[in-house]
Amino acid sequence: MKKIYWRPQRISLRLLWVVALIGIAGLIVVETYTVREKQPHYTEKIKAARLAKEAFEVIRQERLRLGHTFDPESDPAGTGLIGQLLTPVTTNPGHLPAKQTTANPNFAAVIVHLLKRADVEEGDKVAVGFSGSFPAINTCVLAALQTLKLQAIIISSVGSSQWGANIPTFMWPDMERVLAEKRLFNYRSVAISRGGIDDRALGLTKDSRRALDVVIERSGIPALTVSNYGESVEKRMSLYQEFAGEDKITAYLNVGGGTTSVGTKVGKRMFDPGLNRSVPRGAYDIDSVMTRYAMDGIPIIHMIKIDTLAERYGLPLQPTVMPKVGEGKIFYKEVHSTELAAAVLLTIIVLLTAFIRQDWGYRMLNAGKKESKESSPEPMV
């Protein structure tokens with residue numbers, strides 16, 4: 001049996017169009033208007049970035065004290081974190097735009113983010129491999145480790161690619177030492193190698209290799225002396241285990257393309273920039289520190305392809321001034337306003353109730369007019 005209900009004839013089609021248009025306008029506003037929402041671990045990210053910025057300034061001032069000026073073309077922001085095109089201790093080619101992009105303290109927030117994604121917790125032990133090619137990223141790593149109160153076991157390479165820490169009198173071990181002396185960080189490397197080919201700086205002259213050895217001696221840190229590639233990998237793994245003791249290494253963090261850390265250029269490209277939780281296809285055949293830890297199920301944080309990481313986390317490429325702390329989507333994300341969406345929905349409900357169920361719209365449109373006596377409800381099946 002069919003049921004019959006009654007539709008009042010007094011509902012105006014014009015009012016229905018008004019409600020529909022208001023609803024469409026509200027939808028457009030909700031879709032286009034966004035608000036900034038703090039990303040997870042915001043407080044730690046800000047703290048790490050501020051610490052990195054302070055460390056950047058310490059390095060800058062020390063470089064000036066040593067009489068090293070800044071090239072306005074290669075280092076337009078005057079950060080002091082960009083080296084030179086070619087020096088006697090330069091081990092391999094470098095990419096200047098990437099080096100310029102690293103001079104941003106907000107990379108410390110990126111590293112906090114990656115460490116948190118790797119599920120590290122306060123007091124955990126993290127193995128770290130530094131090269132001299134990215135002193136700014138090294139510094140940001142130290143800031144992140146200090147902020148999260150992690151125990152770091154660091155092995156550094158003194159050699160540097162172009163535009164890195166390749167000034168013979170002010171290389172990465174010198175920067176690390178100054179930062180420790182200023183008590184910004186509680187970390188020092190446990191060993192330092194020459195770096196470069198086979199971790200022995202092969203390809204450089206005897207004088208250049210001797211200059212690298214002088215830097216290591218000046219640092220006061222034990223030298224990691226090896227005779228071949230395999231020995232370097234073994235010694236690095238042994239050192240990490242020795243300083244970890246009975247504790248487990250919870251993550252391995254690599255900066256740059258240290259040969260035995262990443263497994264030559266092939267291994268370097270196999271691992272993705274950022275966090276890696278598994279062994280890439282084909283990497284099993286390449287012996288390296290990263291591969292060994294990955295095979296043990298330990299998360300790998302790979303700080304290479306800096307431009308890719310910058311774009312991923314909303315940091316500027318090649319900034320001409322030092323970016324301010326807190327800039328970038330690593331700190332905030334744009335989201336739709338739930339309050340605005342609720343307000344638009346409430347408005348539509350009120351209009352539908354007022355214009356249709358309560359006949360307010362009819363009364364507004366017909367104020368002062370006589371109601372037709374012939375008007376009657378329209379039956380609807």
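Computed over heavy atoms, backbone and side chain alike; hydrogens, waters and symmetry mates excluded.
Each of Trp172 and Val158 belongs to its own hydrophobic cluster when Ile, Leu, Val, Met, Phe, Trp and Tyr are linked at side-chain heavy-atom distances under 4.5 angstrom. Ile197 and Ile304 end up in different hydrophobic clusters when Ile, Leu, Val, Met, Phe, Trp and Tyr side chains are linked at under 4.5 Å. Residues Phe243 and Val226 are members of one and the same hydrophobic cluster, defined by side-chain heavy-atom contacts under 4.5 angstrom among Ile, Leu, Val, Met, Phe, Trp and Tyr. Under a hydrophobic clustering in which Ile, Leu, Val, Met, Phe, Trp and Tyr are joined whenever their side-chain heavy atoms come within less than 4.5 Å, directly or via other members, Phe185 and Val128 fall into the same cluster. Under the 4.5 Å side-chain contact rule for hydrophobic residues, Tyr252 and Ile192 do not share a cluster.
Nearest heavy atoms, Asn106 versus Glu327: ND2-O, 3.4 Å. For the pair Ala143 and Ala108, the tightest heavy-atom approach, listed with the atom from each and the gap, is CB-CB, 4.2 Å. Pro316 and Ala310 make their closest contact through O-CB, 4.4 Å (heavy atoms, listed as atom of the first residue, atom of the second, distance). Closest of all the heavy-atom pairs between Thr91 and Ser161 is OG1-N, 3.9 Å. Across all non-hydrogen atoms, the minimal contact from Ala244 to Lys125 is O-NZ, 2.9 Å. The two residues Tyr240 and Ile153 have their closest heavy-atom pair at CE2-O, 3.2 Å.
At least one donor-acceptor pair closer than 3.5 Å links the side chain of Tyr187 to the backbone N or O of Leu145. For the pair Arg312 (side chain) and Pro273 (backbone), a donor-acceptor distance under 3.5 Å is present. Here the side chain of Glu44 pairs no donor or acceptor atom with the backbone of Leu148 at under 3.5 angstrom. Judged purely by atom type and a 3.5 angstrom limit, Asp198 has no side-chain atom pairing as donor or acceptor with the backbone of Asn228. Formation of a donor-acceptor pair under 3.5 Å by the Lys149 side chain with backbone atoms of Glu122 is not found in this model. Although no hydrogens or angles enter the test, the distance criterion places a donor-acceptor pair under 3.5 Å between the side chain of Ser160 and the main chain of Ala165. Distance alone, capped at 3.5 Å, is enough to place a donor-acceptor pair between the Arg63 side chain and the Thr69 backbone. Checked by atom type and distance alone, the side chain of Asn276 pairs as donor or acceptor with a backbone atom of Asp272 at under 3.5 Å. When atom types are taken as modelled, the side chain of Thr291 and the backbone of Asp287 share no donor-acceptor pair closer than 3.5 angstrom. Using modelled atom types, no side-chain atom of Gln162 and backbone atom of Leu86 make a donor-acceptor pair closer than 3.5 Å.
Between Asn166 and Gln84 the shortest side-chain heavy-atom distance falls below 4.5 Å. Side chains of Val262 and His302 form a contact here, defined as non-hydrogen atoms less than 4.5 Å apart. Counting heavy atoms from C-beta outward, Val325 and Ile46 have side chains that approach closer than 4.5 Å. Side-chain contact between Leu315 and Thr101: absent, with no pair of heavy atoms (C-beta onward) separated by less than 4.5 Å. For the pair Ile216 and Ile221, the minimum side-chain heavy-atom distance is 4.5 Å or more. Between Trp163 and Leu85, some side-chain heavy-atom pair lies under the 4.5 Å cut-off. Annotation: side chain of Cys140 is in contact with side chain of Phe56 (closest heavy-atom distance under 4.5 Å). For the pair Arg236/Asp199, a side-chain contact is recorded, criterion being any heavy-atom separation below 4.5 Å from C-beta on.
Remark: Tyr293 OH to Asn254 CG distance equals 12.0 Å, nearest 0.5 Å. One finds the CD1 atom of Ile301 at 9.0 Å from the CZ atom of Arg277 (value rounded to the nearest 0.5 Å). Once rounded to the nearest 0.5 Å, the distance linking CD of Gln241 with CG of Leu239 reads 11.0 Å. Here the straight-line distance linking atom OG of Ser157 with atom CG of Leu224 works out to 8.0 Å at 0.5 Å rounding. For the atom pair OG (Ser219) and CZ (Arg188), the distance works out to 6.0 Å, reported to the nearest 0.5 Å. Within the model, atoms CG of Leu51 and NZ of Lys47 stand 8.5 Å from one another, a figure rounded to the nearest 0.5 Å.
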Just do the side-chain contact (heavy atoms from CB on, under 4.5 Å) check on Leu179 and Ile59 with the steps written out, would you?
CA-CA 8 Å; Leu179 293 172; Ile59 292 174; 4.1 Å; yes
Salt bridge (Lys or Arg N to Asp or Glu O under 4.0 Å) between Asp296 and Lys248, intermediate numbers included:
CA-CA 11 Å; Asp296 287 339; Lys248 179 184 177 182; over 6 Å; no
Evaluation steps, side-chain contact (heavy atoms from CB on, under 4.5 Å), between Met290 and Phe271
CA-CA 9 Å; Met290 283 206 308; Phe271 284 85; 3.5 Å; yes
For Thr169 and His68, what are the C-alpha separation, side-chain angles and deciding distance, and is it a side-chain contact (heavy atoms from CB on, under 4.5 Å)?
CA-CA 9 Å; Thr169 56; His68 301 298; 2.8 Å; yes
Evaluation steps, salt bridge (Lys or Arg N to Asp or Glu O under 4.0 Å), between Glu242 and Lys235
CA-CA 10 Å; Glu242 175 187 342; Lys235 281 192 172 183; over 6 Å; no
Run Arg292 and Glu234 through salt bridge (Lys or Arg N to Asp or Glu O under 4.0 Å) and show every step you take.
CA-CA 10 Å; Arg292 291 195 185 189; Glu234 290 293 343; 2.8 Å; yes
Using the side-chain contact (heavy atoms from CB on, under 4.5 Å) rule, take Asp75 and Leu81 through it: C-alpha gap first, then chi angles, then the decisive distance, then the call.
CA-CA 8 Å; Asp75 190 7; Leu81 295 162; 5.9 Å; no
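By the neighbour-count criterion of 12 heavy atoms within 6.0 Å, atom CD of Glu73 is sparsely surrounded, having that number or fewer from other residues, nucleotides or ligands.
Annotation: cation-pi geometry not satisfied between Lys38 and Phe331 (NZ/CZ under 6.0 angstrom from ring centroid, within 45° of ring axis).
Here the rule is side-chain contact (heavy atoms from CB on, under 4.5 Å) with Phe130, and of Thr139, Ile155, Leu142 only Leu142 fits it.
Here Tyr42 and Tyr332 bring their ring centres to under 6.0 angstrom of each other.
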